[in-house]
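Side chains included, hydrogens not; waters and symmetry mates left out as well; all remaining heavy atoms used.
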Amino acid sequence: MRAFLAVLPPDSVVADLDAFLQPRREADTEHLWRWSRPEQLHLTLAFLADLPDWQEEPLVEALTGWAARHPALRMSLGTGGAFPDPAQAKVLWVGVPEEQARQDLTAWAGQLRQLANRHGGDVDGMRFSPHVTVARSGRRRTAGRWVQALDSYRSASFDVTHVHLVQSHLGEGPGRRPRYEVRASAELGPAPEGEPPR
């Protein structure tokens with residue numbers, strides 16, 4: 001199973017980001033970028049290139065236990081960037097502007113990669129940078145103006161209350177893109193008494 005552990009922004013934030021991206025898609029008249037559809041917008045914490053089917057249930061049990069020990073997180077989406085960099089970009093993204101949220105998500109990613117690895121997942125070990133991919137290119141491109149446009153985006157704040165195990169079905173979505181299927185959702189624990197989500 002090709003899968004990932006991820007934060008899925010609420011529908012209202014997905015709709016807002018999609019509306020922001022629409023004029024950028026329309027400005028891409030040469031179709032230099034393959035823009036993410038609304039149902040593809042997510043923040044990956046751990047990518048599992050190959051999770052054996054028989055390991056799914058133990059992984060979900062471990063994920064549920066992990067989530068119960070971690071309080072919900074408050075965050076937003078905003079700022080723009082490109083991988084590997086704006087001068088030779090293959091990916092355009094929207095990031096997480098809050099420093100505390102970035103720190104917490106980075107810690108989560110490290111822990112969840114270890115958890116997935118212990119349960120047989122073939123885990124991507126690339127350096128983690130919290131982001132939502134909004135466009136991809138088949139080859140490296142100069143993307144300074146695109147990053148500048150994305151940099152103006154700010155979403156409303158939202159609470160992350162679940163971490164999801166999502167299966168990626170390659171080539172089964174519109175335009176032969178991946179189709180994503182949520183296999184399990186693990187609820188995060190409550191914030192300490194008297195404190196809002198971090």
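- Distance check, rounded to the nearest 0.5 Å: CZ of Arg74 to OG1 of Thr161 gives 11.5 Å.
- Between Arg140 and Asp85 there is no salt bridge, since no side-chain N of the basic residue sits under 4.0 Å from a carboxylate O of the acidic one.
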- [ ] Go through the steps for Asp18 and Glu39 under the test side chain to side chain contact (heavy atoms under 4.5 Å, CB included), then give the verdict.
- [x] CA-CA 10 Å; Asp18 185 55; Glu39 63 270 21; over 6 Å; no
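- No donor-acceptor distance shorter than 3.5 angstrom exists from the side chain of Gln55 to the backbone of Pro52, with no hydrogens or angles considered.
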TODO: Step by step, work out the side chain to side chain contact (heavy atoms under 4.5 Å, CB included) result for Trp146 and Asp28.
DONE: CA-CA 10 Å; Trp146 297 104; Asp28 183 17; 3.7 Å; yes
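- Rounding to the nearest 0.5 Å gives a distance of 7.0 Å between CG of Leu150 and CZ of Arg24.
- No donor-acceptor pair under 3.5 Å is formed between the side chain of Arg25 and the backbone N or O of Trp33.
- Atom CG of Asp16 sits about 11.0 Å away from atom CZ of Phe158, to the nearest 0.5 Å.
- Counting heavy atoms from C-beta outward, Ser129 and Phe83 have side chains that approach closer than 4.5 Å.
- With a 4.5 Å cut-off on side-chain heavy atoms, Thr106 and Pro130 count as touching.
- Counting heavy atoms from C-beta on, the side chains of Leu59 and Leu115 come closer than 4.5 Å.
- Looking at Arg154, its side chain does come within 3.5 Å of a backbone N or O of Asp151 through a donor-acceptor pair.
- We find the CG-NE2 distance between Leu63 and His162 to be 10.5 Å, quoted to the nearest 0.5 Å.
- Taking both residues in full, the closest heavy atoms of Ala143 and Ala89 are given as CB-CB, 3.7 Å, listed atom of the first, atom of the second, then distance.
- Among all heavy-atom pairs drawn from Thr79 and Pro97, the shortest one is CG2-CB, 4.3 Å.
- In this structure, Ser137 contributes its side chain and Arg139 its backbone to a donor-acceptor pair below 3.5 Å.
- In terms of modelled atom types and a separation under 3.5 Å, the side chain of Ser36 and the main chain of Thr133 share a donor-acceptor contact.
- Residues Pro9 and Val14 approach most closely at O-CG2, 3.7 Å, considering heavy atoms.
- In this structure a side-chain-to-backbone donor-acceptor pair under 3.5 Å is present from Glu98 to Ser76.
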Task: Verdict with reasoning, Phe128 to Leu112, per side chain to side chain contact (heavy atoms under 4.5 Å, CB included) - done: CA-CA 12 Å; Phe128 178 75; Leu112 290 171; over 6 Å; no
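- A donor-acceptor pair under 3.5 Å is formed between the side chain of Arg141 and the backbone N or O of Leu32.
- In this pair, Phe20 and Tyr153 present their aromatic rings tilted. The plane angle is within the 30 to 60° band.
- Contact annotation: the side chain of Trp66 approaches that of Leu188 to within less than 4.5 Å [non-hydrogen atoms, C-beta and beyond].
- In the hydrophobic clustering of this structure, Val166 does not group with Val13; members are Ile, Leu, Val, Met, Phe, Trp, Tyr whose side-chain heavy atoms approach within less than 4.5 Å, directly or through other members.
- Here the shortest heavy-atom pairing between Leu73 and Ala101 reads CD1-CA, 4.1 Å.
- His169 meets the side-chain contact (heavy atoms from CB on, under 4.5 Å) test with Gln167, Glu172, Arg179, Glu181; sequence neighbours excluded.
- Enclosure of atom CD in Glu57 is not indicated, since only 12 or fewer non-hydrogen atoms of other residues, nucleotides or ligands lie within 6.0 angstrom.
- His42 pairs with exactly one of Phe47, Tyr180, Trp93 by the ring pair (Phe, Tyr, Trp, His ring centres under 6.0 Å) rule, that one being Tyr180.
- Within a 6.0 Å radius of CZ in Arg102, more than 12 heavy atoms belonging to other residues, nucleotides or ligands are found.
- Residue Val91 is not grouped with residue Val132 when hydrophobic side chains (ILVMFWY) are merged at heavy-atom distances under 4.5 angstrom, including chains of intermediate members.
- Taken together through direct or relayed side-chain contacts under 4.5 Å among Ile, Leu, Val, Met, Phe, Trp and Tyr, Phe4 and Leu41 form parts of separate hydrophobic clusters.
- Checked against side-chain contact (heavy atoms from CB on, under 4.5 Å), Glu26 has the following partners two or more places apart in sequence or in another chain: Gln22.
- Annotation: the span from Leu45 atom CG to His164 atom NE2 amounts to 10.0 Å, rounded to 0.5 Å.
- The CZ atom of Arg113 lies 10.0 Å from the CG atom of Leu48; values are rounded to the nearest 0.5 Å.
- Linking ILVMFWY residues whenever their side-chain heavy atoms come closer than 4.5 Å, directly or via other members, leaves Leu8 and Leu77 in distinct clusters.
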- [ ] Give the C-alpha distance, both sets of side-chain angles, the deciding distance and a yes or no for side chain to side chain contact (heavy atoms under 4.5 Å, CB included) between Met75 and Leu105.
- [x] CA-CA 10 Å; Met75 60 172 283; Leu105 290 166; 4.1 Å; yes
